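Handing you this structure, nothing more for now.
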Amino acid sequence: MQEHGNWRTHNRNHKGPWGPVNGVMIHHTVTKGTSDTVAIVRDGYSALPGPLCHGMIAKDGVVHLVGYGRANHAGLGDPDVLSAVIAERRPPTDNEATVDGNRHFYGFECENLGDGKDPWPEAQIEAIVRVAAAICRKHGWGARSALRHLDWQPGKVDPRGPGMDWDAVVSAVAKRLGSKPPTTPPPTPAKPKLDLSQLIAAAKSNPKASGQPVTYTGVKMVEAALVDEGLLSKTYSDGHYGTTTIAAYAAWQRKCGYTGKDADGIPGSSSLERLGKRHGFSVVA
Ligand SMILES: [Zn+2]
C-alpha cells in the first residue's frame with residue numbers, strides 16, 4: 001500500500017454529500033503506467049476534477065491511496081441496484097441513472113486499458129479482493145457490497161478483460177469474510193390469487209348442494225384465513241363453502257363494519273381484499 005499526499009482529506013465533500021456509504025465499487029482506468037495513472041486519479045482533469053477514486057490498484061497489486069470522502073467515480077446510477085447492495089443481493093440489471101453514487105460508494109480504480117484484451121494479473125485481482133474484504137469487514141457488510149461500475153451505471157463496461165471474473169472475486173471476498181459464497185436468494189413467491197367471481201359462485205351454490213362438493217379450490221384459502229381470524233372452526237376448513245363458512249364469512253363482514261345484507265356471508269371485493277391483506281392472498285375480479 002502506498003499513501004499519496006493528503007489523501008485522508010483529499011475529496012469533493014465541498015461539492016456534495018458523502019455518506020451514508022453502502023458499498024465498494026471497482027473500476028478500470030483506461031490508462032497505462034502506474035505513476036501516470038496515480039496522477040490522473042488523484043488530480044483528475046479539467047472536465048472531471050479529482051479525486052476520481054479513493055484508491056488505485058496497480059497491476060502489481062499495490063494499492064495507492066489518493067482520496068477519502070466524496071470522489072468523482074460512480075456518477076448517477078440505479079436505485080434498485082443500491083437497494084440490492086444494501087440487502088446483500090445480486091444486483092439487478094441497471095436501467096436507471098437517478099441516484100448519486102459518489103455519496104454511497106467507495107471507489108477503486110484499477111490500472112487496465114479497458115479494451116477487453118488487457119489482462120488482469122493475479123496480484124491485482126488478489127489486491128481487489130483484499131481491499132473489498134477489508135472495507136466490508138470494517139463496515140460489517142457481506143460480499144455483495146462489492147460491485148462493479150457496470151453494475152451501477154447504464155452504459156458502463158468496467159471492469160472487464162481476461163482474468164476479471166467478477167463472480168470469483170465476490171466469492172473470494174466472501175471467503176475472506178468467513179462466510180459462504182453468496183447465492184442469489186430465490187425470488188419471493190408471488191401471492192396466491194383468489195378469483196372473486198368463482199368464490200361468489202361457490203358461496204351461492206355450495207350450501208344447497210348435496211355431498212359437500214368442492215367447486216373452487218380457492219375456498220380453502222378463505223377458510224384458512226377465517227380459521228386464523230378465530231371465526232371458523234378448523235373442522236369446517238374443507239374447501240366446501242357451506243352454511244358454516246357462510247356464517248363465518250358473515251362474521252368477518254360484520255368485523256369489517258358491514259351490516260344487514262352486506263353481511264350475508266357472500267364475499268364482496270372490499271371485505272375479501274382486507275382478508276387477503278392480512279392472510280397473504282390477492283384478489284382478482
Ligand atoms: Zn468506472
Side-chain angles (χ1 to χ4, degrees), residues 4 7 10-12 15-16 18 21-34 36-59 61-82 84-85 90-121 124-125 127-129 131-132 135-136 143-170 173:
H4 292 267
W7 73 271
H10 185 44
N11 57 49
R12 311 263 314 145
K15 290 291 180 184
W18 165 241
V21 225
N22 301 109
V24 191
M25 189 176 289
I26 303 299
H27 304 258
H28 63 219
T29 52
V30 195
T31 59
K32 199 174 177 170
T34 300
D36 282 356
T37 301
V38 168
I40 289 168
V41 298
R42 181 179 149 70
D43 303 329
Y45 38 94
S46 57
L48 196 65
L52 304 184
C53 58
H54 297 94
M56 198 286 281
I57 303 174
K59 286 218 170 236
V62 173
V63 181
H64 298 262
L65 297 176
V66 298
Y68 176 72
R70 186 178 173 86
N72 269 333
H73 70 97
L76 294 175
D78 193 321
D80 302 318
V81 172
L82 179 60
V85 167
R90 183 188 286 271
T93 304
D94 49 340
N95 54 14
E96 289 173 86
T98 55
V99 173
D100 169 19
N102 294 335
R103 79 181 287 179
H104 291 292
F105 301 113
Y106 293 97
F108 285 82
E109 288 282 356
C110 305
E111 183 187 345
N112 187 280
L113 289 176
D115 56 4
K117 294 176 202 143
D118 189 14
W120 294 72
Q124 192 178 24
I125 296 289
I128 291 169
V129 169
V131 161
I135 292 174
C136 289
R144 281 280 172 222
S145 288
L147 77 166
R148 298 168 293 182
H149 198 190
L150 68 86
D151 295 315
W152 173 245
Q153 198 174 33
K156 292 291 171 184
V157 297
D158 58 322
R160 70 173 175 188
M164 170 45 75
D165 174 347
W166 187 249
D167 283 342
V169 168
V170 172
V173 171

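When a ligand or atom number is given, it counts from 1 through the structure's own listing order. None of these values were measured; they are calculated from a predicted model.
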Single hit among His73, Lys156, His27 for side chain to side chain donor-acceptor pair (under 3.5 Å) with His149: His27
Asp151 and Arg144: CA distance, side-chain angles, deciding distance, salt bridge (charged side-chain N to carboxylate O under 4.0 Å, His left out) verdict: CA-CA 12 Å; Asp151 295 315; Arg144 281 280 172 222; over 6 Å; no
With sequence neighbours excluded, residues passing salt bridge (charged side-chain N to carboxylate O under 4.0 Å, His left out) with Lys59: Asp118
Counterpart residues, ring pair (Phe, Tyr, Trp, His ring centres under 6.0 Å), relative to His10 (two or more places apart): none
Closer than 2.8 Å to the Zn ion (ligand 1) - protein N, O or S atoms, ordered by chain and residue number: His27 ND1, His149 ND1, Asp158 OD2
Parallel, tilted or perpendicular, as decided by the 30° and 60° cut-offs, for the rings of Trp18 and Tyr106: perpendicular
Those residues that, when tested against Arg160, pass side-chain contact (heavy atoms from CB on, under 4.5 Å) (two or more places apart): His28, Val157
